[in-house]
Amino acid sequence: MSRHVAIVTDSTAYLPPPAMERHGITAVPLTVVLGDEALEEGTEISARSLATALQKRRSVTTSRPGPDRFVRAYRAAAEAGATGIVSLHLSAEFSGTYDAAVLAAKTAPVPVRVVDTGMVAMALGFCALAAAETAEAGGSVDEAVAAAEKRAAEMSAYFYVDTLDYLRRGGRIGAAQALLGSALAVKPLLTLDGGRIEMLEKVRTASRAIARLEELAVERAGARDVDVAVHHLAAPERAEKLAQRLRERIPGLVELHVSEVGAVIGAHTGPGLLAAVVSPR
């Protein structure tokens with residue numbers, strides 16, 4: 001089916017494949033560099049392989065897609081009949097992906113609006129779904145962008161990590177914050193704020209931190225209609241338990257997605273990650 005407005009995102013949205021296929025969303029992959037080997041997220045390296053490499057303390061870094069990958073994605077969308085493209089990406093504070101997309105948009109065969117959502121994982125995925133649903137209803141590029149930005153403005157993402165060391169190594173959180181967490185032996189709860197990862201609370205034990213993560217998600221949802229995503233890395237039982245509690249406690253829950261994050265985000269959080277994304281409808 002030809003789509004008037006095409007939606008492009010990147011692999012860190014971690015959208016369920018059936019949803020991507022249903023809405024015709026394209027995801028351009030980021031790259032994970034494992035030792036001296038560059039591997040595309042989602043096709044050439046799995047989250048489980050990444051977790052094993054981290055546990056063995058192998059060198060892991062990540063890199064943005066080259067602008068040529070976006071050029072190909074935009075060209076394919078135009079050839080499929082799109083007359084405009086909305087390209088939605090993870091926070092520019094985390095990656096140069098947005099910049100690569102902006103460069104590629106300059107040579108695209110149809111107009112492209114590139115958006116730094118300030119989000120990542122399903123916080124980005126929900127923005128892409130909002131844009132796709134608006135486009136499917138006949139909305140313009142501007143209307144699809146507005147729908148994505150509205151979702152982003154109302155989004156809340158909370159996450160727990162076993163250690164801040166991976167975020168410190170990747171430069172995603174300050175060394176002082178990481179050192180403080182280690183020195184006090186606290187379990188950190190983090191949030192996305194202004195496109196950055198910020199310390200939200202410090203809790204003494206993992207069990208208390210996860211219970212607090214649940215409370216934050218329930219409080220944020222309130223009685224509104226919301227979509228929720230639960231993410232993890234190498235912690236499926238922890239994620240399923242949290243998801244079940246949220247099903248029971250959020251009265252306006254519309255959709256709940258449970259998934260393991262991919263290798264790019266996993267490289268910066270480490271095994272044990274547990275996250276909850278709350279997206280009001």
Side-chain angles (χ1 to χ4, degrees), residues 10-17 27 29-35 39-63 90-91 94-95 97 119-126 156-173 178 181-182 186-192 197-200 203 205-207 209-214 216-217 228-246 256-278:
D10 59 68
S11 61
T12 69
Y14 303 135
L15 283 161
L30 275 73
T31 299
V32 176
V33 182
L34 192 58
L39 304 165
E40 284 191 353
E41 181 175 44
T43 57
E44 297 179 335
I45 181 169
S46 67
R48 194 53 47 86
S49 298
L50 181 279
T52 300
L54 290 173
Q55 288 162 346
K56 293 180 178 178
R57 301 192 69 81
R58 292 187 63 188
S59 171
V60 180
T61 58
T62 60
S63 66
L90 81 163
S91 172
F94 301 157
S95 167
T97 301
M119 298 291 146
V120 73
M122 273 300 292
L124 168 58
F126 285 132
S156 296
Y158 309 106
F159 54 108
Y160 160 83
V161 291
D162 279 332
T163 173
L164 291 171
D165 193 42
Y166 296 103
L167 285 164
R168 178 193 59 77
R169 286 187 218 167
R172 267 61 180 184
I173 198 166
S182 299
V186 297
K187 294 298 183 180
L189 283 175
L190 307 166
T191 189
L192 284 175
I197 296 171
E198 301 289 353
M199 184 81 74
L200 184 64
V203 186
T205 66
S207 60
I210 292 169
R212 181 59 180 147
L213 181 69
E214 176 186 339
L216 287 166
V228 173
V230 173
H231 287 305
H232 71 94
L233 180 62
E237 292 182 5
R238 185 181 273 178
E240 285 296 343
K241 287 179 181 177
L242 175 60
Q244 184 55 42
R245 290 192 293 269
L246 295 180
L256 176 63
H257 303 273
V258 182
S259 65
E260 192 163 36
V261 298
V264 168
I265 299 306
H268 296 291
T269 61
L273 164 74
L274 187 64
V277 177
V278 180

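The model shown is predicted, which means the values in this text are computed figures rather than measured ones.
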Original post:
Which pair of heavy atoms, one from G266 and one from L233, lies closest together, and at what distance?
Top reply: CA-CD2, 3.6 Å

Subject >> Donor-acceptor under 3.5 Å (T191 side chain, A157 main chain) >> reply: yes

Original post:
Could you state the interatomic distance from OH (Y158) to CG (L213), rounded to the nearest 0.5 Å?
Top reply: 9.5 Å

Subject >> Qualifying residue for side chain to side chain contact (heavy atoms under 4.5 Å, CB included) with R238, from V230, L273, I210 >> reply: I210

Subject >> Closest non-hydrogen atom pair between A239 and V258, with its separation >> reply: CB-CG1, 4.2 Å

Subject >> Qualifying residues under side-chain hydrogen bond (donor to acceptor under 3.5 Å, both in side chains), relative to S11, sequence neighbours excluded >> reply: E41

**OP:** Indicate yes or no: at least one non-hydrogen side-chain atom of L192 is less than 4.5 angstrom from one of F94.
**Re:** yes

Subject >> Which atom of A234 lies closest to which atom of P271, heavy atoms considered >> reply: CB-CB, 4.3 Å

Original post:
Which pair of heavy atoms, one from L30 and one from S63, lies closest together, and at what distance?
Top reply: CB-O, 3.7 Å

Subject >> Close side-chain approach of T12 to T97, heavy-atom, < 4.5 Å >> reply: no

**OP:** Measure across Y160 and A206 and return the closest heavy-atom pair with its distance rounded to 0.1 Å.
**Re:** OH-CB, 3.3 Å

Original post:
Are Y14 and V264 close enough that some pair of their side-chain heavy atoms sits under 4.5 Å apart?
Top reply: yes

Subject >> Nearest non-hydrogen partners of P16 and M122, listed with the distance >> reply: CD-SD, 4.2 Å

**OP:** Please determine which of E214, E237, H232 meets the side chain to side chain contact (heavy atoms under 4.5 Å, CB included) test together with L242.
**Re:** E214

Original post:
Listed by chain and number, what are the side-chain hydrogen bond (donor to acceptor under 3.5 Å, both in side chains) partners of S259, not counting sequence neighbours?
Top reply: H231

Subject >> Heavy-atom donor-acceptor pair, K187 side chain to D162 backbone, under 3.5 Å >> reply: yes

Subject >> Expected output: side-chain D10 to main-chain L90 donor-acceptor under 3.5 Å >> reply: yes

